[in-house]
Amino acid sequence: MTDVQQALPQALSNNLRLLEQLNDFLNVLPRELYQVADLRLPGSTLGRQIRHCLDHYEQLVAGLETGTVDYDARARSVAVECDPACALLRIEALRVELVRAAAARRGRPLEVCCCDGELSCTSLTRELDFVAAHTTHHLALMGLIARDHGVRLEDDFGVARATLRHRASESKILA
């Protein structure tokens, strides 16, 4: 299998792992912290951060179905933002939808709507990588906030895949 052939399964697998991290996070997060505002992120709560990430996955899935991804057309579900049970249901549905939509789009053209409204050619793997990087960034922010409130998280929570690989190679060198 070539690197290009492996890229899609790796990118899809990485996104499924991130959705699982979000799911696990919600299962350890005390419900009362879901809507607590953080002074470092004015106007934001953990619920809004999670909703924001899921909005991007929803737009990716929708774009895979239509052929055009538009991340600015997010629905911004108040239910997901305010209720962790709704977020958990949405995560599970997105996992199934993402696998199905990615399989259906594989090898077919894809466009992304840029911030000025113009369309640009893209690829399934590139958009999966974008959403993964975006989600990882928000997981890192959520991890900081949750840890400040005493929530115990895995050391790799919100850490990019490349950073995890780097750390693993460093530990082999030091061993």
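In terms of hydrophobic clustering, with Ile, Leu, Val, Met, Phe, Trp and Tyr side chains grouped at heavy-atom distances under 4.5 Å, Leu144 and Leu33 are assigned to different clusters. The hydrophobic cluster containing Leu54 also contains Val28, counting ILVMFWY residues as joined when their side-chain heavy atoms lie under 4.5 angstrom apart, directly or transitively. Val69 and Val99 fall within a single hydrophobic cluster, where Ile, Leu, Val, Met, Phe, Trp and Tyr side chains are chained together by heavy-atom contacts under 4.5 Å. Criterion: ILVMFWY side-chain heavy atoms under 4.5 Å apart, direct or through other members. Under it, Val78 and Leu94 are not part of a common hydrophobic cluster.
Rounded to the nearest 0.5 Å, atoms CD (Glu127) and CG (Leu60) are 7.0 Å apart. How far CG of Leu98 is from CG of Asn15: 6.0 Å, rounded to the nearest 0.5 Å. Rounding to the nearest 0.5 angstrom, the gap separating the CZ atom in Arg106 from the CG atom in Leu12 is 9.5 Å. Tyr57 contributes atom OH, which lies 7.5 Å from atom CG of Leu22 (distance to the nearest 0.5 angstrom). Rounded to the nearest 0.5 angstrom, Glu111 CD and Ser120 OG are separated by 8.0 Å. Once rounded to the nearest 0.5 Å, the distance linking CZ of Phe25 with CG of Leu46 reads 5.0 Å.
Within the structure, every pair that satisfies the side chain to side chain donor-acceptor pair (under 3.5 Å) test and touches residues 33-42, not counting sequence neighbours, is listed here: Asp38-Arg40, Arg40-Asp148. The stretch residues 68-120 participates, sequence neighbours left out, in these ring pair (Phe, Tyr, Trp, His ring centres under 6.0 Å) pairs: His56-Tyr71, Tyr71-Phe130. Applying the ring pair (Phe, Tyr, Trp, His ring centres under 6.0 Å) test to pairs two or more places apart or on separate chains, none has a residue in residues 100-123.
Partners of His137 under the side chain to side chain donor-acceptor pair (under 3.5 Å) rule, at least two apart in sequence or in another chain, do not exist in this structure. With sequence neighbours excluded, the residues satisfying salt bridge (Lys or Arg N to Asp or Glu O under 4.0 Å) with Arg95 are Glu20. For Arg17, the salt bridge (Lys or Arg N to Asp or Glu O under 4.0 Å) criterion is met by no residue, not counting sequence neighbours.
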Start with the C-alpha gap between Thr135 and His138, add the side-chain angles, then the distance that decides, and say whether side-chain contact (heavy atoms from CB on, under 4.5 Å) holds. CA-CA 5 Å; Thr135 301; His138 284 279; 5.9 Å; no
Please walk me through it: do Asp156 and Arg161 pass salt bridge (charged side-chain N to carboxylate O under 4.0 Å, His left out)? CA-CA 9 Å; Asp156 67 348; Arg161 211 173 34 157; over 6 Å; no
Walk me through it: do Phe157 and Val151 pass the test side-chain contact (heavy atoms from CB on, under 4.5 Å)? CA-CA 12 Å; Phe157 185 84; Val151 177; over 6 Å; no
Thr45 and Arg48: CA distance, side-chain angles, deciding distance, side-chain contact (heavy atoms from CB on, under 4.5 Å) verdict: CA-CA 5 Å; Thr45 65; Arg48 284 184 180 159; 3.5 Å; yes
Evaluate the salt bridge (charged side-chain N to carboxylate O under 4.0 Å, His left out) criterion for residues Arg100 and Glu65: first the C-alpha distance (whole Å), next the side-chain angles of each, then the deciding distance (0.1 Å), finally the verdict. CA-CA 10 Å; Arg100 179 195 46 76; Glu65 292 170 353; 2.6 Å; yes
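In terms of heavy atoms, Leu110 sits closest to Gly63 at CD1-O, 3.7 Å. The two residues Arg126 and Ser123 come nearest to each other via the heavy atoms N-OG, 3.0 Å. Residues Asp55 and Ser77 approach most closely at OD1-N, 4.2 Å, considering heavy atoms. Counting all heavy atoms, side chain and backbone alike, Arg76 lies closest to Asp72 at NH1-O, 4.2 Å.
Exactly one of Asp24, Asn23, Val80 qualifies for a side-chain contact (heavy atoms from CB on, under 4.5 Å) with Ile91. That residue is Asn23. Each of Arg51, Gln49, His52 was compared with Glu81 under the side-chain hydrogen bond (donor to acceptor under 3.5 Å, both in side chains) criterion, and only Arg51 meets it.
When the shell of 6.0 Å around CD of Glu32 is examined, it contains more than 12 heavy atoms from other residues, nucleotides or ligands. The local environment of CG in Asn27 is crowded, with over 12 non-hydrogen atoms from other residues, nucleotides or ligands closer than 6.0 Å. In His166, the NE2 atom is not crowded: 12 or fewer heavy atoms of neighbouring residues, nucleotides or ligands sit closer than 6.0 Å.
Between Glu154 and Gln21, every side-chain heavy-atom pair lies at or beyond the 4.5 Å cut-off. Residues Glu97 and Leu64 form no side-chain contact, since every pair of their non-hydrogen atoms from C-beta on lies 4.5 Å or further apart. Looking only at side-chain heavy atoms (C-beta outward), Leu128 and Asn14 stay at 4.5 Å or farther from each other. Within the 4.5 Å cutoff, no side-chain heavy atoms of Pro84 are placed close to those of Leu29. A heavy-atom distance below 4.5 Å is found between the side chains of Cys53 and Met142. Using a 4.5 Å heavy-atom threshold, the side chains of Asp83 and Arg31 count as touching.
Using a distance-only test at 3.5 Å, with no hydrogens or angles considered, no donor-acceptor pair links the side chain of Asp70 to the main chain of Cys113.
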